[in-house]
**Student:** 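First the structure, then my questions, so here it is.
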Number of protein chains: 2
Amino acid sequence: MALNRDQIITAAIRHLNADPTASMAEIADGIGVSRATLHRHFSSREALFADMGRRALDVWARAHRVAGVEEAIADGSAERLEAALRRYVSELITQSEEFGFALTDSLIAVLPELQAYSRELEDRDEALAAAAQRAGVLRPDVPPRWVGNAVYGLLISVRDSLRNGDIAARDAERLLLETVLHGLAAPAKERP
Amino acid sequence: MALNRDQIITAAIRHLNADPTASMAEIADGIGVSRATLHRHFSSREALFADMGRRALDVWARAHRVAGVEEAIADGSAERLEAALRRYVSELITQSEEFGFALTDSLIAVLPELQAYSRELEDRDEALAAAAQRAGVLRPDVPPRWVGNAVYGLLISVRDSLRNGDIAARDAERLLLETVLHGLAAPAKERP
DNA sequence: CCCGTATGCGACAATTATGTCTCATCCGGG
DNA sequence: CCCGGATGAGACATAATTGTCGCATACGGG
């Protein structure tokens with residue numbers, strides 16, 4: 001057997017990142033399996049997309065776990081929180097090819113199961129941001145949800161920048177972290 | 001006559017922002033015109049999308065003009081460049097509902113005419129960023145293209161944040177500008 | 001008031017995508 | 001070597017979408 005179910009999902013995400021409107025036939029062709037096989041693994045297009053969404057959210061959840069987000073929140077120290085924040089962003093960038101699907105597709109908002117899953121992760125993001133604000137790691141004068149959304153948007157920036165060759169892959173993590181933490185203004189100047 | 005061509009484009013953009021996969025029938029229905037009328041104004045779906053893309057890029061170009069980007073680059077002073085930068089971002093946020101279409105849809109990358117238009121605007125963005133770096137307004141240790149892409153991604157953050165009610169509309173501009181210029185780290189701490 | 005224009009409505013053919021099915025083939029384990 | 005399960009190829013019916021057309025009608029200016 002050439003590809004198992006997981007490999008098909010991975011390849012499908014990769015292919016749909018390049019062409020978000022691809023049909024089942026195009027997806028199958030791009031992956032290198034027949035359309036019939038695709039339908040044997042996923043009863044419908046919706047089922048395939050649901051599994052891809054689940055995969056993307058799993059990647060997101062794994063980033064939380066790997067970075068020790070929960071523990072850092074419980075700990076509450078600035079050092080732990082900042083380390084978790086950096087590790088978390090780094091993990092998201094590394095896995096952005098699979099996670100990126102969640103960035104673009106509105107399908108997640110439709111399926112109730114994924115919606116709950118997504119909400120849970122967003123809440124944890126918010127908790128992390130709020131804890132980091134309390135610990136003095138992040139500035140307190142922005143809504144905690146904005147932090148997660150800003151990272152989310154900058155991940156799209158990274159994806160597009162890499163796609164266009166505007167930045168080097170090895171610089172992606174530094175650029176995202178520097179931008180979200182310190183911004184792009186020249187350091188010497190101002191700050192009222 | 002209920003709606004002219006321009007109004008239809010505006011309404012179509014608005015509707016497709018909410019449901020990017022809407023069919024011609026759904027678009028027409030959402031706008032409040034018949035499918036036939038839609039086809040009378042736009043010979044094909046592709047023609048409609050091309051016009052929407054053009055509109056989005058026009059908004060972008062207008063933001064450049066209103067902010068005096070070209071003049072600020074020619075002037076080269078830090079004050080003019082920073083003012084143009086702020087005004088430019090502000091304008092993009094204000095018009096984000098119509099410009100937002102360009103943020104998401106990959107159609108622009110396909111049509112040669114829009115591609116050239118888009119490239120031109122991107123180049124001007126890059127020139128602005130580079131000039132701001134030379135003038136000491138923006139930090140010089142990031143690729144100039146990254147600046148534009150970061151703003152682009154944060155505009156998506158703003159759109160999503162507003163959609164979810166995570167931030168207030170009147171805070172959008174401040175949050176985007178603050179984030180892109182100074183970042184989200186607490187000001188007092190670190191900076192090696 | 002009248003007429004031209006634009007619109008809505010419905011029908012239509014053509015195309016495309018989807019999901020199911022059958023059958024031949026291939027491939028690996030026993 | 002043989003067999004069972006998985007795959008590829010293709011046919012098929014169904015549904016959705018697209019683009020076109022004809023016709024009736026509503027609207028608005030002259």
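Every chain is numbered from 1, with letters handed out A, B, ... down the list of sequences.
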**Student:** In whole angstrom, what separates B:L48's CG from D:dG19's P?
**Tutor:**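 Distance, rounded to whole Å: 10 Å.
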**Student:** To the nearest Å, how far apart are A:F49 CZ and C:dA17 P?
**Tutor:**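 Computing the A:F49:CZ to C:dA17:P distance gives 13 Å.
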**Student:** Which residues pass the side-chain contact (heavy atoms from CB on, under 4.5 Å) test with B:A168, not counting sequence neighbours?
**Tutor:**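 Testing B:A168 for side-chain contact (heavy atoms from CB on, under 4.5 Å), a comparison that skips the adjacent residues, returns B:R170, B:D171.
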**Student:** If you fit an axis to the five pairs at each end of the helix from C:dC1-D:dG30 to C:dG30-D:dC1, how big is the angle between those two axes, to 10 degrees?
**Tutor:**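 Axis-to-axis angle, ends of the helix: 20°.
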**Student:** Expressed as a whole number of angstroms, how long is the span from A:L16:CG to C:dA17:P?
**Tutor:**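 Nearest whole value for this atom pair: 14 Å.
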**Student:** Check residues 68-78 of chain A and write down every donor-acceptor pair under 3.5 Å in which the side-chain atom is one partner and the other belongs to a residue at least two apart or another chain.
**Tutor:**
from  : atom 1 : to     : atom 2 : distance (Å)
A:E70 : OE1    : A:R124 : NH1    : 3.3
A:D75 : OD1    : A:S77  : N      : 2.9
A:D75 : OD1    : A:S77  : OG     : 2.8
A:D75 : OD2    : A:R80  : NH1    : 3.3
A:S77 : OG     : A:R80  : N      : 3.3

**Student:** Does C:dG8 have OP1 or OP2 sitting under 4.0 Å from an N or O in the side chain of B:T37?
**Tutor:**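 Indeed, a polar side-chain atom of B:T37 lies that close.
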**Student:** Can you tell me how far P of D:dA6 sits from CD of A:Q7, to the nearest Å?
**Tutor:**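 Roughly 15 Å, once rounded to whole Å.
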**Student:** Could you tell me which residues satisfy side-chain contact (heavy atoms from CB on, under 4.5 Å) with A:S44, sequence neighbours excluded, listed by chain and number?
**Tutor:**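 So A:S44 forms a side-chain contact (heavy atoms from CB on, under 4.5 Å) with A:E46, A:A47.
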**Student:** Whether A:S34 contacts D:dA9 is assessed here as follows: a side-chain N or O lying under 4.0 Å from the phosphate OP1 or OP2. Is that the case?
**Tutor:**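 Negative; the distance criterion is not met.
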**Student:** Measure CG/A:L38 against C1'/D:dG10 and give the value in whole Å, please.
**Tutor:**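 It is 16 Å, rounded to the nearest whole Å.
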**Student:** Quick one: side-chain contact (heavy atoms from CB on, under 4.5 Å) partners of A:E97, sequence neighbours excluded?
**Tutor:**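 Counting only residues at least two positions away or on another chain, A:E97 forms a side-chain contact (heavy atoms from CB on, under 4.5 Å) with A:R14, A:N17.
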**Student:** Hey, is the side chain of A:H41 poking within less than 4.0 Å of OP1 or OP2 on D:dA6, counting only N and O atoms?
**Tutor:**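 The answer is no; no side-chain N or O of A:H41 sits under 4.0 Å from OP1 or OP2.
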**Student:** Please determine, by modelled atom types, if A:Y152 and A:D125 share a side-chain donor-acceptor pair under 3.5 angstrom.
**Tutor:**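 Not at all, the side chains of A:Y152 and A:D125 share no donor-acceptor pair under 3.5 Å.
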**Student:** Kindly write out the residues that satisfy ring-ring contact (aromatic ring centres under 6.0 Å, His included) with B:Y117, not counting sequence neighbours, or none if the list is empty.
**Tutor:**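 With sequence neighbours excluded, B:Y117 shows a ring-ring contact (aromatic ring centres under 6.0 Å, His included) to no residue whatsoever.
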**Student:** Taking distance alone, no hydrogens or angles, what donor-acceptor pairs closer than 3.5 Å link side-chain atoms of residues 5-12 of chain B to residues at least two apart or in another chain?
**Tutor:**
from  : atom 1 : to    : atom 2 : distance (Å)
B:R5  : NE     : B:D51 : OD2    : 3.4
B:R5  : NH1    : B:H41 : O      : 2.7
B:R5  : NH2    : B:D51 : OD2    : 2.8
B:Q7  : OE1    : B:N4  : N      : 2.9
B:T10 : OG1    : B:D6  : O      : 3.0
B:T10 : OG1    : B:R55 : NH1    : 2.8

**Student:** Roughly, in whole Å, what's the span from CG in A:N4 to P in C:dC27?
**Tutor:**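 Value for this atom pair: 18 Å.
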**Student:** Donor-acceptor pair, distance only, cut-off 3.5 Å: does the side chain of A:R139 make one with the backbone of B:G183?
**Tutor:**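 Yes, A:R139 side chain to B:G183 backbone: donor-acceptor pair under 3.5 Å.
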**Student:** Just jot down the side-chain contact (heavy atoms from CB on, under 4.5 Å) partners of B:E91, sequence neighbours excluded, or say none.
**Tutor:**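 With sequence neighbours excluded, B:E91 shows a side-chain contact (heavy atoms from CB on, under 4.5 Å) to B:R62, B:A63, B:V66, B:R87, B:Q95, given in chain and number order.
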**Student:** Would you tabulate the pairs of protein nitrogen or oxygen atoms and nucleotide nitrogen or oxygen atoms of nucleotides 19-23 of chain C closer than 3.5 angstrom?
**Tutor:**
from   : atom 1 : to    : atom 2 : distance (Å)
C:dG19 : OP2    : A:R45 : N      : 3.0
C:dG19 : N7     : A:R35 : NH1    : 3.1
C:dG19 : O6     : A:R35 : NH2    : 2.8

**Student:** List for me each residue that meets salt bridge (charged side-chain N to carboxylate O under 4.0 Å, His left out) alongside A:E26, sequence neighbours excluded, and say none if there are none.
**Tutor:**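 A:E26 satisfies salt bridge (charged side-chain N to carboxylate O under 4.0 Å, His left out) with no other residue.
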**Student:** For residues 28-37 of chain A, please give each side-chain donor-acceptor pair under 3.5 Å, one per line with the distance, not counting sequence neighbours.
**Tutor:**
from  : atom 1 : to    : atom 2 : distance (Å)
A:S34 : OG     : A:A36 : N      : 3.4
A:S34 : OG     : A:T37 : N      : 3.2
A:S34 : OG     : A:T37 : OG1    : 3.2

**Student:** Which residues in residues 25-33 of chain B have at least one heavy atom lying under 4.0 Å from any atom of DNA chain D?
**Tutor:**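 None - not one residue of the stretch has a heavy atom sitting under 4.0 Å from the strand.
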